[in-house]
A.B. asks: 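Pasting in a structure now, in structure tokens, and then I'll have a few things to ask.
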Amino acid sequence: MSDHQLRTRTPADPAPRTPGGSRAAAAFRAAAPALAVYAAVRALGLLAFWAAASTAGKDPLGPLSGRWDSVWYQRIAEHGYRYTVTLPDGSVHSDLAFFPLLPALERAVSAVTPLTLGGAGLLVAWTAGLLAAWGIFAVGSQLRGRRTGVVLAALWGVYPTAFVQSMAYTETLFTALAAWALYAVLKGRWIVAGALCVLAGLTRPSAAALIAALAITAAVTLVREYREERRAGPVLRRHARMIAGVALAPLGWLAYVVFVAVREGSPVAYFDVQAQWGNNIDGGRALATFIAGLPWPAALGLCAALGLLGWLVVLCVRQRQPLPVLVYAITIVVISLIGAGYFGSRPRLMMPAFPLLLPPAVALLRLRTTGRTAAVLAALACASAAYGAWTLLGAGPP
């Protein structure tokens with residue numbers, strides 16, 4: 001895909017640009033149905049959890065902002081990076097495993113509002129969820145039209161582990177940055193995409209997928225056009241902004257890795273910290289071992305789920321999704337599967353790979369009536385809400 005093709009308008013593009021505020025207002029009006037549907041399905045999830053927590057006599061807000069990773073983020077927001085835990089097996093868990101953008105936003109919001117750090121984290125996560133839904137709608141609309149964009153945002157909101165979108169976690173923040181970065185690439189706004197990638201790199205290590213998407217797309221564009229012209233100078237000059245955006249993209253992730261290296265006095269300190277948490281890359285060995293240790297019915301079920309995941313990737317390829325979108329989604333999946341970390345977190349780690357939901361979104365729109373599409377989405381929303389309430393009231397982390 002050339003840079004020119006990335007810039008070219010398609011029939012799914014929104015209306016031509018209008019000045020300033022009216023352009024933003026028009027974009028919001030176009031996205032309003034997607035935002036409304038997304039807000040409705042997430043509100044259903046929160047309502048189901050509130051009802052379940054109240055029935056169980058538990059605090060509804062506690063699991064959303066006061067458990068698991070959210071506690072680590074709030075501790076960083078309050079005290080900075082200084083906390084470690086030594087486990088009985090001797091391994092050390094350091095808060096340096098957590099990237100700084102979310103705690104920085106929590107601290108900032110808490111400083112200018114009456115909210116606690118936990119409340120600030122929820123406000124950031126919920127606001128980012130709406131921005132993510134808007135960005136997902138924008139990408140879906142750009143590729144397949146507005147109706148597809150609406151359904152795509154709704155499907156992301158009813159993803160099986162979508163309850164994490166209501167927690168003070170980084171999933172919504174990262175997905176918002178990733179979706180808008182991909183949209184910027186599709187529109188040829190490489191500097192904007194690079195800047196958003198910097199922020200994503202300060203949010204989660206999976207920003208590597210976004211960096212790869214920009215770099216591979218740029219490389220393919222440059223090589224293809226060089227082969228056509230056989231002159232590097234004009235090609236490089238024509239794509240100067242693309243090259244600048246790609247050069248900008250990894251700076252956030254690199255900055256944090258360098259920060260950890262300087263703080264710990266080792267160039268590989270960041271990777272050592274992640275390894276202590278069990279988040280190192282093992283090529284899928286931990287996944288294979290986990291499957292082998294399951295009873296055979298559970299192992300077959302998990303293999304079927306992985307097969308479905310692979311089929312979604314194949315469908316994305318068959319749809320001829322644009323290269324940056326395809327590279328991003330596939331890389332997120334690969335990173336999630338080849339890590340050695342806690343297996344139960346892998347569906348959550350794959351949640352930002354929203355382009356995988358584009359084939360189901362297109363399939364839903366092929367149903368004969370809008371009512372049938374809405375009925376399927378409603379059923380999925382109820383199932384997601386019930387699963388979320390059950391999981392949040394459980395003991396294990398998502």
Side-chain angles (χ1 to χ4, degrees), residues 1-10 12-13 132 135-144 148-149 152 174-201 203-254 312-336 350 352-359:
M1 177 181 298
S2 68
D3 189 47
H4 171 73
Q5 289 172 312
L6 286 173
R7 291 174 181 269
T8 302
R9 285 173 53 81
T10 69
D13 281 347
I136 290 169
F137 162 80
V139 172
S141 179
Q142 175 73 14
L143 298 182
R144 290 279 180 162
T148 302
L152 184 62
F174 175 77
T175 305
L177 294 167
W180 284 108
L182 291 174
Y183 181 73
V185 170
L186 294 175
K187 302 297 285 184
R189 299 167 186 161
W190 284 89
I191 301 297
V192 173
L196 290 170
C197 200
V198 170
L199 295 176
T203 306
R204 293 182 63 85
S206 49
L210 196 56
I211 296 167
L214 269 64
I216 291 174
T217 302
V220 169
T221 299
L222 292 174
V223 169
R224 183 175 296 170
E225 295 198 14
Y226 173 75
R227 286 178 175 176
E228 292 173 356
E229 300 185 22
R230 295 294 178 181
R231 294 187 300 165
V235 173
L236 294 176
R237 286 193 295 271
R238 185 163 59 248
H239 297 296
R241 295 179 69 82
M242 180 180 70
I243 295 169
V246 172
L248 186 64
L251 296 184
W253 184 86
L254 286 173
L312 284 176
V313 172
V314 171
L315 291 178
C316 289
V317 175
R318 287 185 175 181
Q319 277 188 338
R320 296 185 178 181
Q321 292 184 10
L323 184 59
V325 176
L326 198 59
V327 170
Y328 166 76
I330 292 175
T331 308
I332 286 286
V333 171
V334 170
I335 290 173
S336 302
M350 283 188 278
F354 66 88
L356 294 180
L357 300 174
L358 191 57

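The basis for the numbers below is simple: all heavy atoms, side chains too, and nothing from hydrogens, waters or symmetry mates.
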A.B. asks: I'd like to check the side chain to side chain contact (heavy atoms under 4.5 Å, CB included) partners of Ala200; sequence neighbours left out, ordered by chain and number.
C.D. replies: Phe174, Leu177, Ala207, Leu210
A.B. asks: Any non-hydrogen side-chain atom of Trp190 less than 4.5 Å from a side-chain atom of His239?
C.D. replies: no
A.B. asks: Evaluate Leu248 against Cys197 for side chain to side chain contact (heavy atoms under 4.5 Å, CB included), listing each step before the verdict.
C.D. replies: CA-CA 8 Å; Leu248 186 64; Cys197 200; over 6 Å; no
A.B. asks: Donor-acceptor pair, Gln321 side chain versus Pro355 backbone, under 3.5 Å?
C.D. replies: yes
A.B. asks: Measure the shortest side-chain to side-chain distance between Leu186 and Val325 over non-hydrogen atoms and say whether it is less than 4.5 angstrom.
C.D. replies: yes
A.B. asks: What pair of heavy atoms forms the shortest contact from Val185 to Pro324, and how long is it?
C.D. replies: CG1-CG, 3.8 Å
A.B. asks: Rounded to the nearest 0.5 Å, how far does CZ of Arg204 lie from CD1 of Ile335?
C.D. replies: 10.0 Å
A.B. asks: Within this structure, what is the CG-CD1 distance for the pair Leu251 and Ile211, rounded to the nearest 0.5 Å?
C.D. replies: 8.5 Å
A.B. asks: Give, for atom CZ of Arg238 and atom CD of Glu225, the distance between the pair rounded to the nearest 0.5 Å.
C.D. replies: 4.5 Å
A.B. asks: Atom CD1 in Ile330, atom CG in Leu356: separation rounded to 0.5 Å?
C.D. replies: 8.0 Å
A.B. asks: Identify the two heavy atoms, one from Ala353 and one from Ile332, that lie closest to each other, and give their separation to 0.1 Å.
C.D. replies: CB-CG2, 3.6 Å
A.B. asks: CG of Leu326 to CZ of Arg320: how many Å apart, nearest 0.5 Å?
C.D. replies: 12.5 Å
A.B. asks: Less than 4.5 Å apart, any side-chain heavy atom of Ile216 and any of Tyr328?
C.D. replies: no
A.B. asks: Under the side chain to side chain contact (heavy atoms under 4.5 Å, CB included) test, which residues partner Ile243, sequence neighbours left out?
C.D. replies: Leu222, Leu236
A.B. asks: To the nearest 0.5 angstrom, please state how far the CG atom of Leu315 sits from the CG atom of Leu358.
C.D. replies: 10.0 Å
